Amino acid sequence: MDRFELIRLLEAILFGAREPVSERDLAARLPEDADIPGMLEDLRGQYANRGVHLVQVGTRWAFRTAPDLGPHLRLEKTVQRKMSRAALETLAIIAYHQPVTRAEIEEIRAVATSRGTLDILLEAGWIRPRGRRRTPGRPVTWGVSDEFLDHFGLESVKMLPGIDELKAAGLLDRRPGLGLLAAHGAEDEAEPEDEPYEAVEPDEAITLDE
Amino acid sequence: MDRFELIRLLEAILFGAREPVSERDLAARLPEDADIPGMLEDLRGQYANRGVHLVQVGTRWAFRTAPDLGPHLRLEKTVQRKMSRAALETLAIIAYHQPVTRAEIEEIRAVATSRGTLDILLEAGWIRPRGRRRTPGRPVTWGVSDEFLDHFGLESVKMLPGIDELKAAGLLDRRPGLGLLAAHGAEDEAEPEDEPYEAVEPDEAITLDE
Amino acid sequence: MADTHTENGELTDSEPFEDAQPDYLGAMADSLVLDLDGFEGPIDVLLMLARTHKVDITKISILALAEQYLEFIRRAHALRLEIAADYLVMAAWLAYLKSRLLLPASDEEDEPTGAELAARLAFQLQRLEAMRKASETLMQRPQLGQDFFARGEPDPLIVDTTTVFNATLYDLLTVYGQTRERQGTSTLQIEPVTLYSMDDAMERLGKLLGATPDWTTLAQFLPEEVGDELVMRSAIASTFAASLELARQGKLQLNQSQTFAPIYVRARQDVSDDG
């Protein structure tokens, strides 16, 4: 193999190697008398103005993308993502109850809030830490951000409809089941149009004399 | 960016990738009016006598070490599963006759194809379904994939060794053979699930690994 | 060998090998029989015979090939080896082909002539042989990861991903409403049941029954102090159920003249007394 062929071989080895290759490793793959440092310099020179450079990494050698091209190799991509129900719930609670601590959120949701949930909301830029509550442990309180208001087209959180309005808008569905007992005892929830006994028994069939 | 810079960028993108990159993906990273095919040809020319070549694989492009250096490289080889003769024969039939249905493969080989044969080729990523033939049962037709071309260093199926001679000799014509297996074949096309031939030809037992 | 074959390799002798010393074909046929497992069906065997017979498969004599195959099947048969059905089908087909090739072609043109059938077989063999060669050639090519290589240490292309969450105000409000509802039910206190129970009815009915030997309407046994209509209905239901239970226990008797008629009840009397 002449020098030209040996440089081709060097080039191929460095291209195919899984990690930077030391001159000693290169020497093991080339004829004994090969002038490895000289050929590496030649090869480096050949790539000097190309899109890929031959660089020395410590005592090893490797091909690397030319640094000036870095920015052009990046690709910007926008990904649409659906927010999980847990995240939406947490977000809603923060919006309605801010400033609110994580413990309070958990109490309202009656579920432990995983660390990731707040992270997602933070990543979306929709919540921000508001301060600290003056209770033991001084927990962080959370509130929504301007981006949140922006995204949902709200002027302020005060514009969020209250529970009664949600109900009037039909956004709260009535709970099925528990009909009899709940309706029987719940005087405060006056629902005159409801017939709470419907489900009990078709007891007409047993009519005793009256 | 001028043409020289754009070629550098192409070079960096392709040199840095392990898998072949499609012209469409390249276009996404280059200015809209860039003459990608022309620049790829230039780049291929620049590497023609180097230790690393720019090769076309179907509609994709990749840098690969020059085949003549193979014996000297002593790079880490990918462990390859030995394929049975039946699988290799089936692969050749798919490559040269594509698009081809399973029944046609069986007709050519004059043996029922055991389920495992196509599975192995699919798992290797060497074949892909091409479509369906417009005949009763609408059987799937098979062809080779870009990975196949990449693996065997082929630019396209037109470059398959000897394909022109075989075509000229009429050996790639879609022509029935003896039809001794025809009864099987017809049945087979309808069903993807069951394997009615298991008993006929246990060709797992005959694998001739060399 | 030479005397049993013509120049173009066709067999002329009807019994070429039976009693002659084993020639290479005979020996091969035996080894074929023993190694039949290594073959992929009859075509594979034919191809093997063809290769041994002539290097150039395009010039193979189909008649000679058919002879050899039939001979091979005969031998396997003589050795009492089990032969798969498809080998026998092929033998039958080849015997038929042989007869078509040897007999003068008939004028009925519906069926393919012997020459056409022979051509088909020749085509099938040539095509398969070509594919075998192709697969060998393919495998002899330099292969990725064996003889030529991809970039060993790729420089990853960086994709900057901006995630956009697509939640709407509607999603937010619905979810909040549902959360609050869930919270509401979680603090619901279930009140003690105030309905008239079956146990109450059993006790009351049992107590009063001793004092009423005559038929009395069941309604008479209902508690009087109940004001709430719901509780009253429950009292009716449980009193009726209690009366059935006590009747089952043989402690009282029930009487109803027709559907929806008043139900009468009395303490149990002897059967002789009243049917």
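These values consider heavy atoms only, across backbone and side chains, with no hydrogens, waters or symmetry-generated copies. Every value quoted in this text rests on a predicted model; they were computed, and no experiment measured them. Lettering of chains follows the sequences in order, A, B, ..., and the numbering in each one begins at 1.
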Rounded distance [0.5 Å steps], [atom1] in [X] versus [atom2] in [Y]:
| X | Y | atom1 | atom2 | value |
| --- | --- | --- | --- | --- |
| Lys133(C) | Glu89(B) | NZ | CD | 12.5 Å |
| Gln124(C) | Leu171(B) | CD | CG | 11.5 Å |
| Leu144(C) | Phe148(B) | CG | CZ | 12.5 Å |

Looking only at non-hydrogen atoms, find the nearest pair between [X] and [Y] and report the distance.
| X | Y | answer |
| --- | --- | --- |
| Met131(C) | Ile108(B) | CG-CG2, 4.4 Å |
| Leu88(B) | Ser135(C) | O-CB, 3.4 Å |
| Gly152(C) | Arg18(B) | O-NH2, 3.5 Å |
| Ala134(C) | Tyr96(B) | CB-CE1, 3.5 Å |

**Asked** Which residues from residues 151-158 of chain B are near chain C, with near meaning under 4.5 Å between non-hydrogen atoms?
**Response** His151(B), Phe152(B), Gly153(B), Leu154(B)
Chain C contact via [X] - which portion, at a heavy-atom distance below 4.5 Å:
| X | answer |
| --- | --- |
| Leu166(B) | side chain |
| His97(B) | side chain |
| Leu160(B) | side chain |

Report yes if the side chains of [X] and [Y] come closer than 4.5 Å at any heavy-atom pair, otherwise no.
| X | Y | answer |
| --- | --- | --- |
| Phe148(C) | Val52(B) | no |
| Glu136(C) | Arg85(B) | no |
| Glu19(B) | Arg151(C) | no |

**Request:** Could you look at Ile43(C) and say if it's the side chain, the backbone, both or neither that has a heavy atom under 4.5 Å from chain B?
**Result:** side chain
**Asked** Do you know which of Thr90(B), Asp68(B), Leu69(B), Asp150(B) has the most heavy-atom pairs under 4.5 Å to chain C?
**Response** Asp150(B)
**Carboxylate-amine/guanidinium contact Asp147(C) Arg64(B), below 4.0 Å** = no
